[in-house]
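Structure first, then comments.
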Amino acid sequence: MSPKELISRLQKAFEIRDEEFIALKASKTKNPFEVLVATVLSQNTTDKNSFRALNNLKKIYKITPEALAKADVKEIEQAIRPAGLYRQKARVIKELAVNLTNGKLNKILSMDGESAREVLKSLRGVGPKTADVVLLMTANYPTFPVDTHVMRVSKRLGLVPEDANYEEARRFLMEFFSPEDYLKGHLLLIKLGRTYCKARNPKCESCPLSDICPKIGVRE
DNA sequence: TGCCAGGCCGGGT
DNA sequence: ACCCGGCATGGC
C-alpha cells in the first residue's frame, strides 16, 4: 500500500481533517521551549498525565527558560508529579531552562536540521525521540519521531524490520513517507497504536488496516 | 493487579 | 554497538 493511501485511509478512519494538523503545528511553532518541556513531560507517560503535569506547572511558572531557570526544583517536582519520573524530569527541565536562556533554543532550531538534532540530543534528558518531536513541530525540518507506538505499529505493518533500532526505524519511515506527510504519519500511527494496534489485546477485527496488515495474515 | 504509558541515562558487556 | 536496571505516577 502506498504511503499516501495509508495516510488517507487512517485520516478517514479517524475523521481528522487537514486543517487540524495545520492548526496543531501552527500552535506549537511559536513556542519551541514549551514544546520541549511538554515533550520531556510526555516521556514514557500517557498524554493525560503529561497534560496534567504541564498545566500544574503553568499555574506556577511561565514556561520560558528565564522563568524556569530561576524556579525551585522542588516546586517543579511537586507540580509535575502526575507525569511520573518526576524527580528526573524536574531536574532536566530546570537544567534545560538554565542552558537555553537568551533565545538559545531558537538559534539551535535555525541551524541545519541534522546539526540541530545533534545539539538537541546533547542536552541532558533530550534523546532522539524528544529531539525529533521538537524539530518536527517547531522547526522547518521534516524528521520522523519514533515513539513506542510508532515503533510497534510500524513493525507489525511491515514498514520497518522487526529488529530495527530507533535510528533505523526513523530512516525507513522517512523513506516511506514523503516529508510533507511526516507530521500526519507520526500522529496517525500513534493514534492507530493507541486505538487498535495496542501492545496488549490489539483490536485487529475492527482495525482500519487489518486487510493489509501482515500480522493478521491477510498478506500484502 | 501487574503491565503499560508519545524515553533517557549510566554502567556493563 | 547493544542490553539492562532505574526512574514513578496513574489507568485499565
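Throughout, protein chains are lettered first and strands after them, A, B, ... in sequence-line order, and every chain is numbered starting at 1.
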Residues in residues 127-139 of chain A with a heavy atom under 4.0 Å of DNA chain B, by number, are A:Gly127, A:Pro128, A:Lys129, A:Thr130, A:Val133
Can you list, in residue-number order, the parts of residues 152-187 of chain A that come under 4.0 Å of DNA chain B, counting heavy atoms only?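 Residues of residues 152-187 of chain A that come under 4.0 Å of DNA chain B are, in numerical order, A:Arg152, A:His186.
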More than 12 non-hydrogen atoms from neighbouring residues, nucleotides or ligands closer than 6.0 Å to NZ on A:Lys107, yes or no?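 It does not: A:Lys107 NZ has 12 such atoms or fewer within range.
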Nearest-0.5 Å distance, [atom1] of residue [X] to [atom2] of residue [Y]:
{"X": "A:Ile16", "Y": "A:Lys184", "atom1": "CD1", "atom2": "NZ", "answer": "10.0 Å"}
{"X": "A:Met174", "Y": "A:Asp132", "atom1": "CE", "atom2": "CG", "answer": "8.0 Å"}
{"X": "A:Phe33", "Y": "A:Thr101", "atom1": "CZ", "atom2": "OG1", "answer": "9.5 Å"}
{"X": "A:Arg117", "Y": "A:Leu135", "atom1": "CZ", "atom2": "CG", "answer": "7.5 Å"}
{"X": "A:Leu6", "Y": "A:Leu188", "atom1": "CG", "atom2": "CG", "answer": "8.5 Å"}
{"X": "A:Glu34", "Y": "A:Leu105", "atom1": "CD", "atom2": "CG", "answer": "12.0 Å"}

With side chains defined as the heavy atoms from C-beta onward, is the minimum distance between A:Lys58 and A:Ile63 less than 4.5 Å?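 Yes - at least one pair of side-chain heavy atoms lies under 4.5 Å apart.
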Provide the distance between the two [atom1] atoms, one in [N] and one in [M], to the nearest whole Å.
{"N": "B:dC8", "M": "C:dG10", "atom1": "P", "result": "22 Å"}
{"N": "B:dT1", "M": "C:dC7", "atom1": "P", "result": "24 Å"}
{"N": "C:dG6", "M": "B:dG6", "atom1": "P", "result": "23 Å"}

Got a list of side-chain donor-acceptor pairs under 3.5 Å for residues 64-79 of chain A, not counting sequence neighbours?
| unit_1 | atom_1 | unit_2 | atom_2 | d |
| --- | --- | --- | --- | --- |
| A:Thr64 | OG1 | A:Ala67 | N | 3.0 |
| A:Glu66 | OE2 | A:Asn102 | N | 3.0 |
| A:Asp72 | OD1 | A:Lys74 | N | 3.1 |

With a 4.0 angstrom cut-off to heavy atoms of chain A, pull out the first and last contacting nucleotide of DNA chain B, in 5'-to-3' order.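 Boundary nucleotides touching chain A, in 5' to 3' order, are B:dC3 to B:dG10.
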Please classify the nucleic acid contact of A:Arg194 as base, sugar-phosphate, or nothing, using heavy-atom distances under 4.0 Å. base
Answer with base, sugar-phosphate or nothing: what part of the nucleic acid does A:Leu123 contact at a heavy-atom distance below 4.0 Å?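 Touches sugar-phosphate only.
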Using the side chain to side chain donor-acceptor pair (under 3.5 Å) criterion, which residues pair with A:Glu162? Sequence neighbours excluded.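 Counting only residues at least two positions away or on another chain, A:Glu162 forms no side chain to side chain donor-acceptor pair (under 3.5 Å).
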Whichever of A:Phe51 and A:Arg124 has the more 5' nearest nucleotide on DNA chain B, that residue is A:Phe51
A:Glu114/A:Arg170 ion pair, N-O < 4.0 Å: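 Yes.
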Sidechain N-carboxylate O distance under 4.0 Å for A:Lys121, A:Glu167: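 A salt bridge links A:Lys121 with A:Glu167.
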Please work out whether the ring planes of A:Tyr182 and A:Phe144 are parallel, tilted or perpendicular, with thresholds of 30° and 60°.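 It falls in the perpendicular class, over 60°.
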When you check every protein heavy atom under 4.0 Å of nucleotides 4-12 of chain C, what one-letter string (B, S, -) results, 5' to 3'? ---BBSSS-
Can you tell me the pairing partner of C:dG10 across any strand shown, Watson-Crick or G-U wobble, with both distances under 3.5 angstrom?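 Pairing partner: B:dC4.
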